[in-house]
Amino acid sequence: MHRSDNIFAQPIAQVGNFRFDQQVVEVFPDMIQRSVPGYSTILDVIGKLTGQYHQADSRLYDLGCSLGGATLMMRRNISHSGCEIIGVDNSEPMIERCQSHLDAYRSDTPVQLICANIQDVSIVNASVVVLNFTLQFIPQAERDALIHAIYQGMLPGAMLVVSEKVHFTDSPVQSVLNDLHLDFKRANGYSELEISQKRTAIENVLLTDTLDAHIMRFKTAGFAHASAWFQCFNFVSFIAIKGDQND
Ligand SMILES: C[S@@+](CC[C@H](N)C(=O)[O-])C[C@H]1O[C@@H](n2cnc3c(N)ncnc32)[C@H](O)[C@@H]1O
Ligand SMILES: O=C(O)C(=O)C[C@]1(C(=O)O)C=C[C@@H](O)C=C1
């Protein structure tokens, strides 16, 4: 059984920046499930999209794979031959635990885990690329270049899935949707202290874009098709498809 997240339950004298360290690894499945509305739905759909979009003899990338939640769903849905999954995360403890999660299930599809900054990994021959709540941790000025580099490494007709916390420029909308997210956390057992200390920890490391900025970035990078396919409050998942000869 996974441990429950009580990292921010006691008062912390000086809350530091959030890091994906060993302490977070131990509680991560519980933390993400209780913090991100729709997380399991998004993983299920990443599995379905992988089933539809993976191409024979291609690579599938899970960028910011953490413990491999999305990697496992991708691996289960591969039916074509010659596919390889590449999981990348720059947290050593995440990659170590991810490897043991993957080893717990049998599969014919090879998975290569790389401990690196996703900005330093070249994307090659990709049919499916997933950034499930990872782009939000990349410095904002560097996001356009990363999405463009991913686009360049994708095959015609390939699928990119990007899930993100977002914000809204319309302040009543921002306030209503943010409050609904806070209520979601309360309903999942987080106290006001936990919520506020976590907010302080992530405020300098998780920087959100608007929904429109994400769509614009996909279009500018060259994607022929881009849309949000899921939204619950201020959490959104997007698909972007590289054009093929029919576009
Ligand atoms: C919210 S978690 C992702 C959750 C995961 N994709 C899932 O579906 O369960 C974000 C992950 O991105 C990783 N990360 C953040 N910045 C990164 C970077 N520049 N390069 C590689 N990994 C990064 C973190 O270490 C963390 O494991
Ligand atoms: O916005 C929050 O309160 C969150 O906790 C979000 C979030 C995320 O979106 O990645 C932040 C860090 C943890 O990885 C889990 C969830």
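When reading the values below, keep in mind they use all heavy atoms of this one structure, side chains included, and skip hydrogens, waters and symmetry mates. For ligands, and for the atoms within them, numbers begin at 1 and follow the listed sequence. Because the structure is a prediction, the values reported are computed rather than measured. For the single chain, residues carry numbers from 1 onward in sequence order.
Shown in contact with Met94 at under 4.0 Å from a heavy atom are these atoms of ligand 1, numbered in order with element: 27 (O). Taking every heavy atom of Thr134 and a limit of under 4.0 angstrom, the matching atoms of ligand 1 come to 12 (O). Every atom of ligand 1 with a heavy atom of Phe133 under 4.0 Å away is listed here by number and element: 1 (C), 2 (S), 3 (C), 10 (C). Each of the following atoms of ligand 1 lies closer than 4.0 Å to a heavy atom of Ala116: 20 (N), 21 (C). Atoms of ligand 1 lying under 4.0 Å from any heavy atom of Ser91, numbered from 1 in the order shown and given with element: 25 (O).
Figure legend: cation-pi geometry between Lys165 and Phe133 absent, as NZ or CZ is not positioned both under 6.0 Å from the six-membered ring centre and within 45° of its axis.
Note: Gln152 CD to Ile147 CD1 = 12.5 Å, rounded to the nearest 0.5 Å. Note that the SG atom of Cys65 and the CD1 atom of Ile86 stand 11.0 Å from one another [nearest 0.5 Å]. Between the CD1 atom in Ile46 and the CG atom in Asn132 there is a gap of 4.0 Å [rounded to 0.5 Å].
At a threshold of 4.5 Å between non-hydrogen side-chain atoms, the residues Phe238 and Leu211 count as touching. Counting only heavy atoms from C-beta outward, the side chains of Leu155 and Asp244 never approach each other to under 4.5 Å.
Between the side chains of Thr208 and Glu164, no donor N or O sits under 3.5 Å from an acceptor N or O. Side-chain contact, Ser4 with Asp30: no donor N or O sits under 3.5 Å from an acceptor N or O.
Looking at Ile138 against ligand 1, only its side chain comes within 4.0 Å, counting heavy atoms. Within the 4.0 Å heavy-atom criterion, neither part of Phe18 lies near ligand 1.
Of the protein's non-hydrogen atoms, Ile118 N, 3.0 Å is the one closest to atom 20 (N) of ligand 1. The shortest contact between atom 2 (S) of ligand 1 and any protein heavy atom is with Ser66 OG, 3.2 Å. With hydrogens left out, the protein atom closest to atom 25 (O) of ligand 1 is Asp89 OD1, 2.6 Å, a heavy atom. Shortest contact from atom 5 (C) of ligand 1 to any protein heavy atom: Gly64 O, 3.5 Å. At the shortest separation from atom 14 (N) of ligand 1 among protein heavy atoms lies Asn90 OD1, 3.6 Å. Taking atom 9 (O) of ligand 1 as the reference point, the nearest protein heavy-atom neighbour is Tyr39 OH, 2.5 Å. Remark: minimum distance from atom 15 (C) of ligand 1 to any protein heavy atom is reached at Phe137 CB, 3.8 Å. Annotation: atom 19 (N) of ligand 1 to nearest protein heavy atom, Asn117 OD1, 3.1 Å.
Not a single heavy atom of Ser163 sits under 4.0 Å from any atom of ligand 1.
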May I have the N/O to N/O pairs between ligand 2 and the protein that fall below 3.5 Å, each with atom names and distance to one decimal?
unit_1, atom_1, unit_2, atom_2, d
ligand 2, 1 (O), Lys165, NZ, 2.5
ligand 2, 3 (O), Lys185, NZ, 2.4
ligand 2, 5 (O), Lys198, NZ, 2.7
ligand 2, 9 (O), Gln136, NE2, 3.1
ligand 2, 10 (O), Gln136, NE2, 3.0

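Residues Ala228 and Ile215 come closest through the heavy atom pair N-CD1, 4.0 Å.
Within a 6.0 Å sphere centred on CD of Gln10, heavy atoms belonging to other residues, nucleotides or ligands number 12 at most.
Partners of Glu84 by salt bridge (charged side-chain N to carboxylate O under 4.0 Å, His left out), not counting sequence neighbours, listed by chain and number: Arg59.
Checking Gln197, Arg186, Lys185 one by one against Glu192, the side-chain hydrogen bond (donor to acceptor under 3.5 Å, both in side chains) holds for a single residue, Arg186.
Residues Arg106 and Asp108 are paired through a salt bridge, judged by an N-O separation under 4.0 Å between the basic side chain and the carboxylate.
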